[in-house]
Amino acid sequence: SQELEQSPQSLIVQEGKNLTINCTSSKTLYGLYWYKQKYGEGLIFLMMLQKGGEEKSHEKITAKLDEKKQQSSLHITASQPSHAGIYLCGADTGGGNKLTFGTGTQLKVEL
Amino acid sequence: GAVVSQHPSWVICKSGTSVKIECRSLDFQATTMFWYRQFPKQSLMLMATSNEGSKATYEQGVEKDKFLINHASLTLSTLTVTSAHPEDSSFYICSASVSGNTIYFGEGSWLTVV
């Protein structure tokens with residue numbers, strides 16, 4: 001079975017709406033990383049979570065890691081066209097900064 | 001600004017030739033770097049761990065003789081695709097960890113083998 005599952009695979013929202021992307025690991029996480037990618041380009045670091053129950057925010061994006069450190073959510077408030085892209089969660093399950101990635105969520109924001 | 005830089009961004013090579021991609025850490029030393037591959041519309045797959053001063057560690061299914069990794073200095077890792085074939089065409093991207101466990105990625109390199 002997939003070690004890291006991300007949902008939904010794609011998402012279309014209207015500008016101004018809120019949205020949530022989920023990432024679930026079958027293993028306990030040493031760290032959970034969220035990145036944004038435009039197709040064919042590098043990954044933009046968004047946030048890194050390490051502690052159970054941790055929550056971080058940057059501008060309109062909030063990420064949480066559950067107490068068991070196996071599930072994370074990324075929440076975008078009042079989405080804008082600039083939020084469009086592919087969101088990837090990366091899991092460090094071994095503590096060595098080697099990441100396993102989810103399948104990604106393609107986000108489109110419609111005007 | 002970028003903390004991990006890759007070069008080249010795009011490369012086209014003939015089938016059977018070798019091509020080298022560089023990954024540099026900017027303003028910090030990286031004893032470990034990672035190489036990933038991403039096929040169109042798919043997620044990133046880890047290929048290998050590049051260790052400064054020692055042999056790279058390859059993931060299962062990745063041919064070490066085909067994807068040569070050299071990490072000769074604390075700021076540079078190179079990936080050489082030897083005897084490239086069209087099926088090696090892909091997006092290759094590296095990562096390095098800054099202190100505090102923040103992992104940054106390079107801009108990626110598109111390889112097209114014709």
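This structure is a prediction, so every number in the text was calculated from the model and none was measured. So that the names make sense, note that chain A is the first sequence line, chain B the second, and so on, each numbered from 1.
Here the side chain of Y33(A) pairs no donor or acceptor atom with the backbone of Y104(B) at under 3.5 angstrom. In this structure, the side chain of S43(B) does not engage the main chain of G104(A) through any donor-acceptor pair within 3.5 Å.
When hydrophobic clusters are built by joining Ile, Leu, Val, Met, Phe, Trp and Tyr residues whose side-chain heavy atoms come closer than 4.5 Å, directly or via intermediates, V113(B) is grouped together with V62(B). A single hydrophobic cluster is seen to contain both L46(A) and I76(A), as judged by linkage of ILVMFWY side chains at heavy-atom distances under 4.5 Å, directly or through other members. The cluster map of Ile, Leu, Val, Met, Phe, Trp and Tyr, joined by side-chain heavy atoms under 4.5 Å apart, puts L4(A) and M45(B) in different clusters. In the hydrophobic clustering of ILVMFWY residues, with side-chain heavy atoms under 4.5 Å counting as a link, F67(B) and V11(B) come out together. One hydrophobic cluster, built from ILVMFWY side chains closer than 4.5 Å, cannot hold both I69(B) and I103(B); they sit in different ones.
Around the NZ atom of K20(B), the shell of radius 6.0 Å holds no more than 12 heavy atoms that belong to other residues, nucleotides or ligands. Heavy-atom contacts from other residues, nucleotides or ligands closer than 6.0 Å to OH of Y30(A) number 12 or fewer.
With rounding to the nearest 0.5 angstrom, the OH atom of Y36(B) is 9.5 Å from the CG atom of L43(A).
Residues in residues 102-111 of chain A take part in no salt bridge (charged side-chain N to carboxylate O under 4.0 Å, His left out) pair, two or more places apart or across chains.
Taking both residues in full, the closest heavy atoms of Q37(A) and F91(B) are given as NE2-CE2, 3.8 Å, listed atom of the first, atom of the second, then distance. Annotation for L44(B) and F101(A): closest pair CB-CD1, 3.7 Å, computed over non-hydrogen atoms. Nearest heavy atom pair, residue F34(B) against residue N97(A), reads CE1-O, 3.2 Å.
Interface check for chain B: of the options E41(A), K98(A), Q106(A), the most heavy-atom pairs under 4.5 Å are formed by K98(A).
Contact annotation for Q38(B): only side-chain heavy atoms (C-beta onward) come within less than 4.5 Å of a heavy atom of chain A. For L46(B), the part sitting under 4.5 Å from any heavy atom of chain A is the side chain, from C-beta outward, and nothing else. Only the side chain of L88(A) has a heavy atom closer than 4.5 Å to any heavy atom of chain B. Heavy-atom distances place no part of I44(A) under 4.5 Å from chain B, backbone and side chain included.
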Quiz prompt | Verdict with supporting geometry, F105(B) and Y35(A), ring pair (Phe, Tyr, Trp, His ring centres under 6.0 Å) | solution = CA-CA 10 Å; F105(B) 282 79; Y35(A) 295 90; 5.0 Å; yes
